[in-house]
There are 6 protein chains.
Amino acid sequence: GPGRNKDKYETNEVPGVVTGLAWTRVGGDILFIESILSKGKGNLTITGNLGNVMKESARIALEYIKAHADELQIKYEVFDNYNLHIHVPEGATPKDGPSAGITMLTSLVSSFTQRKVKANLAMTGEITLRGKVLAVGGIKEKILAAKRAGIKEIILSEENRKDIEEIKAEYIKGLKFHYVTEMMDVLKIALLKQKVKGARVL
Amino acid sequence: GPGRNKDKYETNEVPGVVTGLAWTRVGGDILFIESILSKGKGNLTITGNLGNVMKESARIALEYIKAHADELQIKYEVFDNYNLHIHVPEGATPKDGPSAGITMLTSLVSSFTQRKVKANLAMTGEITLRGKVLAVGGIKEKILAAKRAGIKEIILSEENRKDIEEIKAEYIKGLKFHYVTEMMDVLKIALLKQKVKGARVL
Amino acid sequence: GPGRNKDKYETNEVPGVVTGLAWTRVGGDILFIESILSKGKGNLTITGNLGNVMKESARIALEYIKAHADELQIKYEVFDNYNLHIHVPEGATPKDGPSAGITMLTSLVSSFTQRKVKANLAMTGEITLRGKVLAVGGIKEKILAAKRAGIKEIILSEENRKDIEEIKAEYIKGLKFHYVTEMMDVLKIALLKQKVKGARVL
Amino acid sequence: GPGRNKDKYETNEVPGVVTGLAWTRVGGDILFIESILSKGKGNLTITGNLGNVMKESARIALEYIKAHADELQIKYEVFDNYNLHIHVPEGATPKDGPSAGITMLTSLVSSFTQRKVKANLAMTGEITLRGKVLAVGGIKEKILAAKRAGIKEIILSEENRKDIEEIKAEYIKGLKFHYVTEMMDVLKIALLKQKVKGARVL
Amino acid sequence: GPGRNKDKYETNEVPGVVTGLAWTRVGGDILFIESILSKGKGNLTITGNLGNVMKESARIALEYIKAHADELQIKYEVFDNYNLHIHVPEGATPKDGPSAGITMLTSLVSSFTQRKVKANLAMTGEITLRGKVLAVGGIKEKILAAKRAGIKEIILSEENRKDIEEIKAEYIKGLKFHYVTEMMDVLKIALLKQKVKGARVL
Amino acid sequence: GPGRNKDKYETNEVPGVVTGLAWTRVGGDILFIESILSKGKGNLTITGNLGNVMKESARIALEYIKAHADELQIKYEVFDNYNLHIHVPEGATPKDGPSAGITMLTSLVSSFTQRKVKANLAMTGEITLRGKVLAVGGIKEKILAAKRAGIKEIILSEENRKDIEEIKAEYIKGLKFHYVTEMMDVLKIALLKQKVKGARVL
Ligand SMILES: [Ca+2]
Ligand SMILES: [Ca+2]
Ligand SMILES: [Ca+2]
Ligand SMILES: [Ca+2]
Ligand SMILES: [Ca+2]
Ligand SMILES: [Ca+2]
Ligand SMILES: [Ca+2]
Ligand SMILES: [Ca+2]
Ligand SMILES: [Ca+2]
Ligand SMILES: [Ca+2]
Ligand SMILES: [Ca+2]
Ligand SMILES: [Ca+2]
């Protein structure tokens with residue numbers, strides 16, 4: 001919010017809400033990727049003052065999920081019978097870049113499966129159509145922001161491991177890192193088998 | 001209107017009209033969010049010289065309402081069988097930003113349910129898809145404008161409480177503040193159970 | 001037209017033609033709002049070199065009419081079975097702003113009902129979705145232009161009454177002013193019960 | 001064409017080809033408005049490097065024709081069953097302004113009725129939805145160009161009569177002028193009852 | 001291709017490939033207009049880094065062909081049942097202007113009829129909806145490039161005859177020129193009665 | 001990824017992933033063209049921060065494949081019943097130009113046929129609708145990058161052979177070059193008869 005740039009992790013029972021990490025000119029911050037389904041014809045709406053690259057991440061995440069629907073135990077009719085809205089607060093702040101890719105992926109799979117997101121977890125990483133998680137920038141600032149916000153576990157690309165190893169140990173004490181190369185592994189770590197309370201039947 | 005920038009609260013029996021608070025370079029002002037339904041196929045029209053972020057608020061409000069239609073006692077067919085038009089007078093003034101979010105939400109729910117809006121009430125706050133009300137800026141100027149316009153009660157994000165506490169007591173004498181974190185609580189405060197006179201059957 | 005900026009009022013038997021008042025850098029002028037229906041699927045076309053705010057006025061007028069179709073004795077099928085085209089000559093002149101709102105409203109209701117527009121009448125005022133007529137600027141220049149063009153009666157927002165009172169009496173001698181707050185009152189003043197000659201059956 | 005800006009009138013048996021008058025920085029010229037129908041679903045295509053105002057003229061002409069189809073003896077199904085393409089050569093030259101309005105109107109009615117266009121005729125004038133022909137600029141240059149190109153008769157707005165009267169008599173010797181206020185009168189003058197050779201049955 | 005701007009004529013058995021002539025800041029060159037049909041619903045795709053005027057040529061060519069389908073012995077269903085893609089290599093070079101008009105026309109008719117294009121032929125000329133071929137610029141540079149590329153025959157607008165006559169005889173020795181005023185004559189010269197090898201049945 | 005611009009070849013069992021060669025201001029690099037199919041209505045989505053020319057390559061590749069579906073043993077229904085998404089990581093880097101043409105072509109055919117892509121192969125070349133492979137620029141930088149990334153074989157346009165012959169032999173030792181003029185030959189070299197593991201039945 002205005003005059004107060006640093007957000008706190010929110011324990012959240014709502015499906016489709018996942019914590020990402022942002023890098024801005026004034027330092028790192030956490031951000032929330034939110035997604036929601038409503039009955040419709042499969043339209044995709046993206047809001048949150050996002051640039052084109054970040055909007056592209058949303059489309060890549062959705063297409064990847066569609067192509068792997070069986071593996072993710074999502075019935076294909078859901079894509080045709082629901083509209084998907086993805087939002088990234090806070091609307092006053094322009095946002096761009098590919099680093100929210102895995103966060104969007106996790107948000108969407110949570111919405112489509114109604115599975116709960118692991119508590120105290122944040123993540124950052126670019127996604128691809130072939131299922132790989134790519135490295136992103138601003139790691140140090142993002143990690144410090146995550147710790148400050150109360151995050152306990154972080155998912156990163158294996159390619160970003162070296163960026164963590166360059167951070168002084170005391171700064172990252174108490175944080176657990178998950179390094180991944182495959183997008184499917186992000187979902188295995190981030191999503192519980194358990195569904196959210198009052199899960200919708202899609 | 002031209003040459004006379006400060007509006008007055010209007011007692012209003014019309015559904016879908018809710019008083020918001022605006023911050024401009026020449027100080028605060030109240031504004032009206034208006035929404036109206038007409039038979040159609042579920043199209044959304046937004047007018048009032050709005051920037052992209054403010055238009056996004058309208059889409060977030062609508063999607064949130066669709067996803068919580070049962071809870072709000074709105075029949076889902078209404079979304080498919082009516083077009084929704086949201087307008088923010090005055091057309092000559094460009095407007096932007098996320099702070100009209102809760103005002104738009106309230107306006108839309110009033111239109112969809114034909115419930116009356118509480119008298120002498122104004123509000124300001126950003127909305128999210130996960131149901132949280134976020135803080136907005138320009139609080140002091142907005143509050144002074146609200147008082148001047150005859151407003152008695154104001155809904156704000158809990159995160160904006162500290163901004164009110166920084167205002168001299170004499171300036172806010174006679175105003176009642178409602179601090180909220182949940183979008184559902186905005187609706188509980190702002191909308192009466194009673195329907196407007198001559199309520200349409202949707 | 002080129003080299004001759006000042007138009008005259010035209011007695012007009014055609015439905016959907018209403019005289020508005022424009023304010024330009026070279027003084028006031030009258031303008032004509034024209035609307036026409038053709039068999040179709042409810043599409044709206046707007047021409048006349050109009051800016052976004054003026055185009056928005058057209059959409060507000062149309063939505064307001066749709067939402068009050070019963071009250072205005074318009075059969076709802078008309079909106080679905082006809083295309084509506086709104087044009088504002090002269091195409092070489094860019095035009096913008098919300099002040100043609102009530103003129104557009106009157107033009108559209110005349111087209112949809114085939115009711116005749118009162119003779120020697122002009123008007124200027126912003127419209128809203130909640131049915132209020134708002135004040136507009138450039139009143140003095142507009143009134144002088146109206147008189148020069150042969151106009152006898154003028155509809156204005158009640159909020160513009162003070163602007164008229166500031167004009168020297170001799171300049172407005174012979175003009176009759178109607179001050180309104182409600183859009184429905186504009187229609188009561190401007191539209192005759194009588195239909196135009198050769199009125200179409202819609 | 002390049003390096004040779006002045007066109008000649010073309011005797012033309014093709015329907016939908018009408019001679020207009022253009023004003024450019026290097027003087028007047030004639031131009032051809034061409035229209036053509038192909039089986040389709042009523043789409044409108046406009047080419048010829050035209051600006052928005054000139055494109056608007058095409059839409060005004062088409063809507064006016066649709067609204068007066070009976071009077072013009074055009075079966076309404078034609079509008080639904082054919083696509084209309086309007087082109088203005090020469091593509092390398094940007095063109096704009098409302099002055100081709102009556103030329104477009106005549107071209108379209110010729111295409112829709114397959115009626116022949118009067119020989120050696122050119123025209124210039126803005127159109128409106130209410131059926132009036134408005135004055136346009138650059139009259140002197142346009143008239144000289146028309147004469148040079150072999151034109152014998154010219155249709156103009158009554159409001160442009162004074163512009164002709166200001167031209168030295170010797171320059172316009174041998175030219176016949178038709179001054180009109182009504183768009184229907186343009187069609188009466190410009191279109192023969194006779195159909196073109198090999199007229200299509202629409 | 002990069003670092004080597006001058007193309008050679010290609011003997012080509014493929015339908016829809018026609019050689020045009022381009023004028024660029026570094027001199028003339030030949031270019032290929034390519035078109036291809038695929039089963040679909042009549043959509044038109046245009047690629048090759050083309051400006052608006054050149055894209056307009058493609059649409060004019062297509063509409064002209066549709067309106068003269070009988071004469072060209074093309075069954076009208078082909079337009080509804082196939083998508084048409086027009087491409088102009090080389091993608092790295094922006095291209096614009098109307099001069100590829102007759103080349104596009106010929107390419108499209110070749111694709112729709114599967115007729116073979118005459119060997120060693122190039123062409124340049126603007127097209128119109130009324131069937132005329134207009135003059136284009138840069139003739140000298142284009143002709144020199146054509147000769148250098150191995151072209152033997154060239155189709156031009158009759159209006160460009162004078163541009164050829166200004167070129168020294170020795171530069172154009174061995175080239176045969178066809179001057180045309182009608183678009184139908186371009187097709188008569190350029191397209192063989194014979195179909196391409198392995199012609200598709202449309 | 002950020003701070004580390006040079007990618008390595010990835011042995012890859014996934015269909016639709018093909019290695020291309022890019023030329024950037026900081027030297028050559030390899031890039032991956034990814035494509036994926038999902039049930040749908042034949043829509044094409046292109047992501048990866050691509051400029052218009054590169055997007056056009058994707059459309060050319062798709063149309064070429066559609067027009068040669070029989071030859072490529074692809075059932076035409078696949079184009080109607082699946083959406084195609086093409087992505088080029090890394091999203092933070094803007095990319096443009098026609099040189100990824102043959103890489104896109106190969107990626108799409110691999111997705112549509114589920115055939116495996118040859119290991120340790122990269123390629124660069126512009127495509128055309130008539131089936132020719134055109135030369136591209138930046139060959140030296142691209143080849144060095146390919147070698148550095150572990151590539152063993154490279155497909156190029158025959159027109160680029162001279163660019164390879166200008167490179168010192170020691171720099172390209174161990175690389176095998178395939179020079180092609182026909183797009184069909186690219187596919188013969190790049191795609192194995194063998195399908196990928198777990199190939200989808202389309
Ligand atoms: Ca923040
Ligand atoms: Ca992130
Ligand atoms: Ca105000
Ligand atoms: Ca507000
Ligand atoms: Ca005027
Ligand atoms: Ca007005
Ligand atoms: Ca000319
Ligand atoms: Ca004209
Ligand atoms: Ca070339
Ligand atoms: Ca050409
Ligand atoms: Ca790279
Ligand atoms: Ca490549």
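Values below: all heavy atoms of this structure, side chains included; hydrogens, waters and symmetry mates excluded. Letters A, B, ... mirror the listed sequences (proteins, then strands); counts begin at 1.
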Enquirer: Is there a donor-acceptor contact under 3.5 Å from the side chain of C/Y9 to the main chain of C/G150?
Expert: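 A pair under 3.5 Å: no.
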Enquirer: Less than 4.5 Å apart, side chain to side chain, heavy atoms only: is that true for C/V196 and C/E13?
Expert: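 When only atoms from C-beta onward are counted, C/E13 and C/V196 do not touch, as no gap falls below 4.5 Å.
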Enquirer: Are side-chain heavy atoms of C/V18 and C/L105 found at a separation under 4.5 Å?
Expert: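 No - every pair of side-chain heavy atoms lies 4.5 Å or more apart.
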Enquirer: Determine which residues belonging to residues 32-54 of chain D lie within contact range of chain C, meaning some heavy atom pair is under 4.5 Å apart, and list them by number or answer 'none'.
Expert: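 Within residues 32-54 of chain D, the residues that come under 4.5 Å of chain C (heavy atoms only) are D/V53.
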Enquirer: Do you know which of D/H68, D/K66, D/K55, D/R59 has the most heavy-atom pairs with chain C at a distance under 4.5 angstrom?
Expert: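 Heavy-atom pair counts peak at D/R59.
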Enquirer: Strictly distance-based, threshold 3.5 Å: is any side-chain N or O of C/K142 a donor or acceptor partner for the main-chain N or O of C/G20?
Expert: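 The answer is no, because no donor-acceptor pair under 3.5 Å joins these two groups.
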Enquirer: Mind checking whether C/E166 and C/K140 have side chains closer than 4.5 Å, heavy atoms only?
Expert: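 Not touching, per the 4.5 Å side-chain cut-off.
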Enquirer: Is there side-chain contact between C/I74 and C/T113, with heavy atoms separated by less than 4.5 Å?
Expert: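 A side-chain contact under 4.5 Å exists here.
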Enquirer: Side chain from CB out, backbone as N, CA, C, O: work out which of these in D/K132 comes under 4.5 Å of a heavy atom of chain C, or both, or neither.
Expert: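 Interface part for D/K132: side chain.
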Enquirer: Please state whether the rings of C/Y76 and C/F79 are parallel, tilted or perpendicular, taking 30° and 60° as the class boundaries.
Expert: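 Geometry flag for C/F79 against C/Y76: perpendicular rings.
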Enquirer: For C/R200, does its backbone N or O pair with a side-chain atom of C/Q114 as donor and acceptor, under 3.5 Å?
Expert: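 At least one qualifying donor-acceptor pair exists.
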Enquirer: Could you label the plane-to-plane angle of the D/H87 and D/H85 rings as parallel, tilted or perpendicular, counting under 30° as parallel and over 60° as perpendicular?
Expert: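 Perpendicular: the ring planes of D/H87 and D/H85 meet at over 60°.
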Enquirer: Below 4.5 Å, heavy-atom pairs only: which of D/D80, D/T128, D/L134, D/I127 has the largest tally toward chain C?
Expert: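 Heavy-atom pairs under 4.5 Å are most numerous for D/T128.
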Enquirer: Keeping the roles fixed (side chain from C/D29, backbone from C/D7), state whether a donor-acceptor pair exists under 3.5 Å.
Expert: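 Indeed, once roles are kept as given, a pair shorter than 3.5 Å links the two residues.
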Enquirer: Based on non-hydrogen pairs under 4.5 Å, which of C/P89, C/P15, C/P94 is most in contact with chain D?
Expert: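 Top count of heavy-atom pairs under 4.5 Å with chain D: C/P89.
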Enquirer: So which bits of residues 181-188 of chain D come within less than 4.5 Å of chain C, counting non-hydrogen atoms only?
Expert: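 At a heavy-atom separation under 4.5 Å, chain C is reached by no residue of residues 181-188 of chain D.
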Enquirer: Does this structure show an ion pair linking D/E170 with D/K173, if we count only N-O contacts that are shorter than 4.0 Å?
Expert: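 Salt bridge: no.
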